[in-house]
Number of protein chains: 2
Amino acid sequence: MSRPREFDADHALHQCMEVFWTKGYHATSYEDLTRTTQVKKQSLYGVFKSKRELFLKSLALYREQSIELLEERAAGKKSPVEKLQAICEAALFPDEAAVKRGCLMINASLEFDSGDEEINREVMLMTGTVEKILLRVIRSGQEQGEITTRMTDRELAAHLNNAIGGAKVLEKSGTPREQVSHILHTTIALMQA
Amino acid sequence: MSRPREFDADHALHQCMEVFWTKGYHATSYEDLTRTTQVKKQSLYGVFKSKRELFLKSLALYREQSIELLEERAAGKKSPVEKLQAICEAALFPDEAAVKRGCLMINASLEFDSGDEEINREVMLMTGTVEKILLRVIRSGQEQGEITTRMTDRELAAHLNNAIGGAKVLEKSGTPREQVSHILHTTIALMQA
DNA sequence: CAAGTTTTTGAATGAACAGTCAAGTAAAAG
DNA sequence: CTTTTACTTGACTGTTCATTCAAAAACTTG
């Protein structure tokens, strides 16, 4: 017995995430959000308590999306090295619109104070999961003799994860996609047996 | 025949750079700057036209300082691989106060819009110079048979530079120094012949 | 001491922004 | 048609911030 919501809260969240991803948290004004979602200020406040809450929800959504995409690339019947290539591609360029936006998670971890617990939790959740996926692929690569055993699987996973993070920074700073891609190819090549 | 400046503009710039480095551009208020420099607002405005100008000067100063430190580590009579280790150490932890601040240049390149020409120029000047230094050391390492020739010197330089950038992000996000250091060791180990 | 210029001090301006309030409107369900 | 709840609209609060103004004080050189 009440008037139903006229907008799709989930869709609005997706749109907000895109804005935060593109402009960053601080540079995004509430007006930016209402303009792109076409949802009135009051209604947005009604569903999400504050700009910060909206951002945290965006981060979680981003994490879920990214992990899902990565899992996808890590599955299938390709060889471990091919999977690593696919994962790198997915991490950097999930879709066409992603150019120059970098990684929402990395952007957030740099934009907020290091002591921000809520942000940190989200970031660590993401990196932890990513590294686990990498570890799995790398280990199987080592077992198949495709990837070097000069370093442990953990060392290699941390190393690759770091390189991917660096690449995301390069991407955001405007380095051409080709060049970024090439760097990660080098990184993976050096990990091969 | 005029009253002389009561503060050292250069010293004040150094202090401002530290503040920007620690807090980022947007999170730094003009009041933060006047408080730490102990220079009155009017006087600061007298020497530097605006907060942005002050930041750009800080970036340039940072670049000069960092490059100088790197050149230092790249010189001397150590072996190429040892030099790379030293360079990584210098890039990450120039001094004790640097923990958790990351790299001013990377922080800036992420904080500002990708289209900001003045910022981009400064960032590219920095990365270009750093990569040249890396290239030199890597090439000599290849000539001495210490570093792999599976990849070209340029590829390896870009790769290492990327890894260092990633490490600087990790550093700023609060990853323990030991862990960051270990990752770069892995990276360098993988580049050895 | 006097001239000239720069600092200091404190107030003021004007813009942007997150978040709130309140009055009116619209829709679903009984 | 009435109740209940949510949406709309627009104005408003209170804060923070970069930047500017203007008048008073201080210092160097002639």
Side-chain angles (χ1 to χ4, degrees), chain A residues 1-59 104 107-108 111-113 115-119, chain B residues 1-59 104 107-108 111-113 115-119:
Chain A
M1 43 160 81
S2 82
R3 181 174 179 180
R5 192 170 285 138
E6 281 182 9
F7 66 97
D8 180 349
D10 220 60
H11 182 235
L13 179 58
H14 265 83
Q15 292 178 300
C16 289
M17 184 197 77
E18 295 280 337
V19 180
F20 283 133
W21 192 358
T22 307
K23 307 191 61 172
Y25 178 76
H26 294 293
T28 299
S29 73
Y30 219 94
E31 206 209 324
D32 288 328
L33 300 175
T34 53
R35 191 175 345 102
T36 58
T37 56
Q38 296 283 23
V39 175
K40 300 304 174 207
K41 209 189 298 206
Q42 295 306 327
S43 310
L44 257 194
Y45 271 109
V47 178
F48 308 98
K49 303 174 202 313
S50 63
K51 186 184 167 191
R52 174 170 237 268
E53 211 63 35
L54 197 38
F55 185 72
L56 288 171
K57 289 242 164 61
S58 297
L59 269 189
L104 178 57
N107 296 349
E111 187 171 356
F112 286 83
D113 195 82
D116 195 314
E117 292 299 334
E118 287 179 305
I119 302 287
Chain B
M1 42 156 82
S2 83
R3 181 175 177 177
R5 193 169 285 140
E6 280 182 8
F7 65 97
D8 181 350
D10 220 60
H11 182 234
L13 178 59
H14 266 83
Q15 291 177 301
C16 290
M17 183 197 77
E18 295 281 335
V19 179
F20 282 133
W21 193 356
T22 307
K23 307 191 62 174
Y25 178 75
H26 289 109
T28 299
S29 73
Y30 220 95
E31 205 209 324
D32 288 329
L33 300 175
T34 53
R35 193 176 342 102
T36 58
T37 57
Q38 296 283 22
V39 173
K40 300 304 173 205
K41 211 186 294 202
Q42 294 307 327
S43 310
L44 257 194
Y45 270 108
V47 178
F48 308 98
K49 303 175 202 312
S50 64
K51 187 185 168 191
R52 175 170 236 268
E53 208 66 34
L54 198 38
F55 185 72
L56 288 171
K57 288 242 164 64
S58 296
L59 268 190
L104 178 57
N107 297 348
E111 187 172 356
F112 287 82
D113 195 83
D116 194 315
E117 292 299 335
E118 287 178 306
I119 302 287

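So that the names make sense, note that chain A is the first sequence line, chain B the second, and so on, each numbered from 1.
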| Pick one: which of Thr36(A), Thr34(A), Thr28(A), Thr37(A) meets side-chain contact (heavy atoms from CB on, under 4.5 Å) with Cys16(A)? | Thr37(A)
What nitrogen or oxygen pairs link the protein and nucleotides 9-16 of chain C at under 3.5 Å?
from	atom 1	to	atom 2	distance (Å)
dG10(C)	O6	Gln42(B)	NE2	3.4

| query | Pick one: which of Asp32(B), Leu33(B), Val39(B) meets side-chain contact (heavy atoms from CB on, under 4.5 Å) with Arg35(B)? | reply | Asp32(B)
| How far does CE of Met17(A) sit from NZ of Lys57(A), to the nearest 0.5 angstrom? | 15.0 Å
| message | Output the rounded distance in Å from NZ (Lys51(B)) to C1' (dT20(D)). | response | 17 Å
| message | Closest-nucleotide mapping onto DNA chain D: is Thr28(B) or Val47(A) further toward the 5' terminus? I mean the 5' end. | response | Val47(A)
| message | Just to be sure I understand the geometry, which residues of residues 8-24 of chain B put a non-hydrogen atom under 4.0 Å away from DNA chain D? | response | none
| Once you round it to whole Å, what is the distance between C1' of dT8(D) and CD of Gln38(A)? | 14 Å
| request: Could you check how far CG of Asp32(A) sits from C1' of dA18(C), rounded to whole Å? | output: 13 Å
| query | Hey, which of Val19(B), Val47(B), Leu13(B) is the one that makes side-chain contact (heavy atoms from CB on, under 4.5 Å) with Leu54(B)? | reply | Leu13(B)
| query | Can you tell me how far CG of Asp116(A) sits from CZ of Arg52(A), rounded to the nearest 0.5 angstrom? | reply | 4.0 Å
| task | Find out whether Phe55(A) and Leu104(A) are in side-chain contact, i.e. whether some heavy atom of one side chain is under 4.5 Å from a heavy atom of the other. | result | yes
| said: Could you tell me how far apart Glu31(B) (CD) and dT15(D) (P) are, to the nearest whole angstrom? | reply: 15 Å
| said: Less than 6.0 angstrom from the centroid, inside 45 degrees of the normal: does Lys51(A) satisfy that with respect to the ring of Tyr25(A)? | reply: yes
| query | Is the phosphate of dT19(D), meaning OP1 or OP2, less than 4.0 Å from a side-chain N or O of Tyr45(B)? | reply | yes
| So, do Ile119(A) and Leu56(A) sit near enough that their side-chain heavy atoms are less than 4.5 Å apart? | yes
